[in-house]
Amino acid sequence: MTLFVDVAFPRPLLRNYTYAVPDDLSGRVQPGVRVKASLGRQTAAGVVVRVHDEPPDERTAVKDIASVLDASPILPPSILEFTRKLAEYQASSWGALLGLALPPPPAPPLKRRTSRNEPEAAEQLELDLETTSAVASAAAEIGRKIGAGEHAEFLVWGGRGARRAMITEASRQALDHSRNVLVLLPDIARTGDLRFHLQAALGTAPALLHGRMTPRSQAAEWDRVSRGEARIILGSRSALFKPWPGIGLIIVEDESDESHFQADSPSYDVRRGALFRAEEENAVVVYVAGAPTVGSYARARADGSLRILGGEDPAPLVRVSDEAAEKDVLTRAMREGIAGCLAAGGRTVVFLNRRGYASLLFCPRCGFIPRCGKCGSVLPYHKKNDRLVCHACGTEEKRPSACPSCGHRVLEPRGGGVEALEEELKTVFPGARLAVFDRDRAGRAADRVKILGAYGRGRVDILIGTQLLVRQADLPPADFVGIFHPEAGLAFPDFLAPERTFQLLIRMIRFTRPGSKRRGVVIQTGFPDHYGIRAASRADFEAFFSEEIELRRLLGQPPYTAKAEVVLNGRDVRLLGRKSRILAERWRKFGPKVEVLGPSFASEAGRPGIKRVQLELRAESAAAITGLLTAGLRDVGLPATVVRHDGFIR
DNA sequence: AGCACGCCGACT
DNA sequence: GTCGGCGTGCTC
């Protein structure tokens, strides 16, 4: 009887390949060992995922494996199984996900020092863990599940201090039950103080694992872990895949942060991956949030896994200022807020999520608007270098001196960006020291450190930032925060737009210092009555949630239905168009229970020249979506990124 | 991902 | 007439 193995290769292949095992190797193959085998015209190493005696159908010419690389499985069954589920769920390559679990190839000899670690915010260590009774009882519950070796899922919602206490106490529970802890952070810049807290509270130094570490220090940290010296790993996405035995607790910090999703190949969502891994390890997964996503909140409330910790800082006074009622660029409330803060010698942070000087130039005579010659997007104007810069594909053009269409001599700017706001603030507050924090001026790590450093030392009175600034977790708190046009994000035809706007506002508002006497926030907007903006201004998540969930219900959006956004990438627009239409046709044939939107062109993000086409799937259940994805994408043969939103309310 | 086979432009 | 560009398809 011939023995066969199914092999998953660490390449973007959407299926595995079956090989015959020569008799002399048959004793050495088992799931989890690596083998070398001929793949096409080359030889590649892959992971055995199944050993069996079923020959593939006669039409396929089965090859023999060339060699077995490991004496015993390098990956345990739990890793094989959880990556299989994740690959199926995301319609990405199982082998590529397994590739993330394999030890990295030996590091090349060190050429030059690459220790460009961003300086950690030298915060003093105050160990005032807010272990309230809510934290203690949630931790005890988590501990009981861990002790029983049961898989369970929790969503924990609370303020900053309460969350940190929660992470600490839940970790203590796991360690007490001799199980290990994996903490997945969206942003590695936030590691510093959590690491010190865990070490001080639990007496054990967590290991740090993230992609931006040098291969050397990664290997060193992983060494500590595998020797059993570290019982807690703090890591970014990639840490999820480490074949580390004994995990009893997986914590996903800041659940609503979108960087838990990895878009590039292999694409996957860490939140989903953490769940699958916890299932396989009989571990508890805890999602921690300062403001949960609507989907997970609805679900946790429905199935009883929600734990509310409280402990939020007292909300600042937020004024929503209607700019339609006034004619100056800055509304009166905004001017007074900034002026008051300046007079008291406080720090002001101003958010406007629009790069450049103007979002477009416009000919007042014929209505012409310059667009990108490469990708067709409307071109924003950057005054700093007097050029039109395409934000979609990065192409730059000279500013036309006259209208290319009718020859009119002036093109007018429309839609002010941070550069225009900087100009305005300079005029209104001539003495103030300004700095701008956007991709153009803080694109590189060194510039970010410089600007934030100056601001932190009090050498900047008003810091103007785009969304890039919202992501700076270690930004020293401000006394006054001014927010301009949060409604800009609402223009996107995406059911998540209100939720994103709400989340963004909450994060911006939280940049104010709780203890400050001059603490205040002004939101200047053209949509002062939008429910998301209103709710955010009162820091009222429940209010936002109840409005939003009702709208989702009325429109049949997740979590009332299941949805997937599928983005296909390719160079050739015609091929992309053809294949995406075939795909859509196929999915539509599944009947009336499946709704297919598109294909339509998506914005050309990332590398120039790569076109993107988007499709949207909506169905009754997540399982139905999974079925459609696997049935469709396997033979399209184009790289795809899948973002899923599950439905679970009937 | 890699690698080969394919069909259109400038050239020893 | 060939060399070689990278678009397209395949890998048990």
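Chain A is the first sequence line, chain B the second, and so forth, proteins listed ahead of strands; every chain is numbered from 1.
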Given atom [atom1] of [X] and atom [atom2] of [N], what is their separation to the nearest angstrom?
| X | N | atom1 | atom2 | result |
| --- | --- | --- | --- | --- |
| A:F9 | C:dC12 | CZ | C1' | 8 Å |
| A:L14 | B:dA1 | CG | C1' | 12 Å |
| A:I582 | C:dT8 | CD1 | P | 13 Å |
| A:Q42 | B:dC3 | CD | P | 5 Å |
| A:L39 | B:dG2 | CG | C1' | 9 Å |
| A:L576 | C:dG7 | CG | C1' | 13 Å |
| A:K63 | C:dT11 | NZ | P | 9 Å |
| A:R41 | C:dT11 | CZ | P | 9 Å |

Under 6.0 Å between ring centres: does that hold for A:F82 and A:F241? yes

With sugar-phosphate meaning primed atoms plus P, OP1 and OP2, does A:S93 contact a base, only sugar-phosphate, or nothing at under 4.0 Å between heavy atoms? nothing

Which heavy-atom pair separates A:W94 from A:V49 by the least distance, and what is that distance? CH2-CB, 3.5 Å

What's the closest nucleotide to the side chain of [X] if the choices are [options]?
| X | options | answer |
| --- | --- | --- |
| A:R11 | B:dC3, C:dC12, B:dG2 | B:dG2 |
| A:Y17 | B:dA1, C:dC12, C:dG9 | C:dC12 |
| A:L13 | B:dC3, B:dA1, C:dC12 | B:dA1 |

Can you find a side-chain donor-acceptor pair between A:Y19 and A:D6 that sits under 3.5 Å? no

State plainly whether the residues A:D646 and A:R299 are in salt-bridge range, i.e. N to O under 4.0 Å. no

